[in-house]
Asker: 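Starting off with a structure, shown below.
Here is how names work: the chains are called A, B, and so on, in the same order as the sequence lines, proteins then strands, and each is numbered from 1.
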Protein chains: 2
Amino acid sequence: MPTGRRERKKAATRQKIADAALRLFLERGYDAVGIRDVAAEADVAVTTLFSHFASKEALVFEQDEDFEQRLTRAVTGRAAHEPLVPALRREIQALVRHCTADSAAPIWRMIDASPALREYEESMRLRHAESLATAIAADPGLSVTPTASRAIARFVIDAYSLAREAADPQAAVGEIFQMIEAAWDVTCPSGDSAGTATGTAGP
Amino acid sequence: MPTGRRERKKAATRQKIADAALRLFLERGYDAVGIRDVAAEADVAVTTLFSHFASKEALVFEQDEDFEQRLTRAVTGRAAHEPLVPALRREIQALVRHCTADSAAPIWRMIDASPALREYEESMRLRHAESLATAIAADPGLSVTPTASRAIARFVIDAYSLAREAADPQAAVGEIFQMIEAAWDVTCPSGDSAGTATGTAGP
DNA sequence: ACCATAACACTAACGGTTAGGGTTTTGAAT
DNA sequence: ATTCAAAACCCTAACCGTTAGTGTTATGGT
């Protein structure tokens, strides 16, 4: 019961749709491609497409669940007694590096050019912040109020979003995380801010 | 040339549409009311409605420009030498009090119930954060990097958003602004954190 | 009195999305 | 091997927000 044929076929269909969509979007532009075009290119019915993706925008952010999981695992899966904020900083740095890579540039250029995609990404980020807040609040080694955990989660997501748009993304992550570290120290009873990397410097 | 008849009529039409929309939305629910219903109730053509409001969601957030102006004026219009963060805290407190008042409850219940409205509000908040960041960056009395000003602006908007949803909104504003104050002190060369409300565990 | 233009109206359409109702494929139980 | 329920898929037709195109009226300045 691990990998039935049904699940494999379903995943293949999903991927076929996502690939067709991305190809067309990059070729002709997001707005110039209709849902019916994508469905035809992937050789599926429109209703099938919408049974795999909740909206046209979701076709572009195919792997947002990976993103969400990486964030929460940076919290739940970190080494024992490892402080929270540096772990999050490392993860955000990796994510920013990943999505500012040259290979991802055309996709992000497309996203930045489309208000609909930007808006969708914003609401995705809010979902991610909420997941992150839940993970932080659930950590038995930390004792923070619900409000503080939600605030820190939002700040971390803000860091990602702002760094991605900054002239020097890596430096921006460093700069904003200095601020987050300070904000965190206010809420956290234990005063060990060990790991507060002052650095702005790159790799 | 201040109040010509034309401008008055235009404003009246706009208000007539907004009133009709809010009435129908609260009566029957946002999703159950179509644009054509609103236009009919306001006795205007659909195209006229869309020449006053950019989208269906914008009908609900009629006064979002006030919100934006209050934020930027809290920065640009504060007393000389008054520290930034406490001024912002006061403004956010007032805004939160305003939109958690009993009279506003039905509207916010409607917004919270509609994904489309929530998403629209999120993108509105991002616009507001951007305006706020511009105002902060333009303040000659402050010397902050663009990234830091954008980060602080987002944090402030986050405070508003989180406080509105918190069990005790006023307390949440206080709690988050302690964090913001600490984050601000990191970026700001002058160490005068005068106005840091309640107990801060300083570094 | 005249005219450029703002404000409004009407129709028809476009494009994302969904409901309704069908067919085929799959996994499992007999 | 047969049977069966559910999953995955397909098709058609529509709904609804939104816009283009085009025309009409009211307004304010000259």
Asker: Using a cut-off of strictly less than 4.0 Å, decide whether A:Ser51 has a side-chain nitrogen or oxygen near OP1 or OP2 of D:dA8.
Answerer: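 Checking A:Ser51 against D:dA8: no side-chain N or O falls below 4.0 Å of OP1 or OP2.
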Asker: By nearest heavy atom, map A:Thr48 and A:Arg6 onto DNA chain D; which one lands nearer the 5' end?
Answerer: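 Looking at DNA chain D, the more 5' nearest nucleotide goes with A:Arg6.
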Asker: For a ring-ring contact (aromatic ring centres under 6.0 Å, His included) check, start with the C-alpha distance between A:Tyr160 and A:Phe155, then their side-chain angles and the critical distance, and finish with the verdict.
Answerer: CA-CA 9 Å; A:Tyr160 164 77; A:Phe155 294 176; over 10 Å; no
Asker: Decide whether a cation-pi geometry holds between B:Lys56 and B:Tyr30; the criteria are a distance under 6.0 Å from NZ or CZ to the six-membered ring centre and an angle within 45° of the ring axis.
Answerer: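 Pair B:Lys56/B:Tyr30 counts as cation-pi.
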Asker: Using heavy atoms to find the nearest nucleotide of DNA chain C for A:Thr47 and A:Ile35 separately, return the residue whose nucleotide is more 5′.
Answerer: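 That would be A:Ile35.
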Asker: Is it the case that the base of D:dG17 and the side chain of B:Arg36 share a donor-acceptor contact (distance under 3.5 Å, atom types as modelled)?
Answerer: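 By the distance-only test, yes, there is a pair.
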Asker: Looking just at side-chain N and O atoms, do B:Arg154 and A:Ser161 make a donor-acceptor pair shorter than 3.5 Å?
Answerer: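 A:Ser161 and B:Arg154 do have a side-chain donor-acceptor pair below 3.5 Å.
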Asker: Figure out the CD/P separation between B:Glu57 and D:dG17, and round it to whole Å.
Answerer: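 The answer, rounded to whole Å, is 9 Å.
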Asker: Give B:Val33 one of three labels, base, sugar-phosphate or nothing, depending on what nucleic acid heavy atoms sit under 4.0 Å from its own.
Answerer: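 Answer is sugar-phosphate: B:Val33 comes under 4.0 Å of backbone atoms only.
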Asker: Is the phosphate of C:dA7, meaning OP1 or OP2, less than 4.0 Å from a side-chain N or O of B:His52?
Answerer: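 Result: no.
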Asker: Over all strands shown, is A:Val44 touching base, sugar-phosphate only, or nothing at heavy-atom distances under 4.0 angstrom?
Answerer: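 Sugar-phosphate contact only.
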Asker: Determine the contact category for A:Asp37: base if any of its heavy atoms lies under 4.0 Å from a base atom, sugar-phosphate if only primed atoms, P, OP1 or OP2 are that close, otherwise nothing.
Answerer: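 Result for A:Asp37 = nothing.
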Asker: Does B:Asp31 reach a base, just sugar-phosphate, or nothing at all? Heavy atoms under 4.0 Å.
Answerer: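 Nothing, no nucleic acid heavy atom in range.
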Asker: How many whole angstroms separate atom CZ of A:Arg5 from atom P of C:dG27?
Answerer: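 Rounded to the whole Å, the gap is 6 Å.
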Asker: Check the phosphate of D:dT27 against B:Lys9, side-chain N and O only, distance under 4.0 Å to OP1 or OP2. Yes or no?
Answerer: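 Looking at the OP1 and OP2 atoms of D:dT27, one of them is under 4.0 Å from a side-chain N or O of B:Lys9.
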Asker: Could you tell me the separation between the CD atom of B:Gln93 and the CD atom of B:Glu91, rounded to the nearest 0.5 Å?
Answerer: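 Going from the CD atom of B:Gln93 to the CD atom of B:Glu91 covers 10.5 Å.
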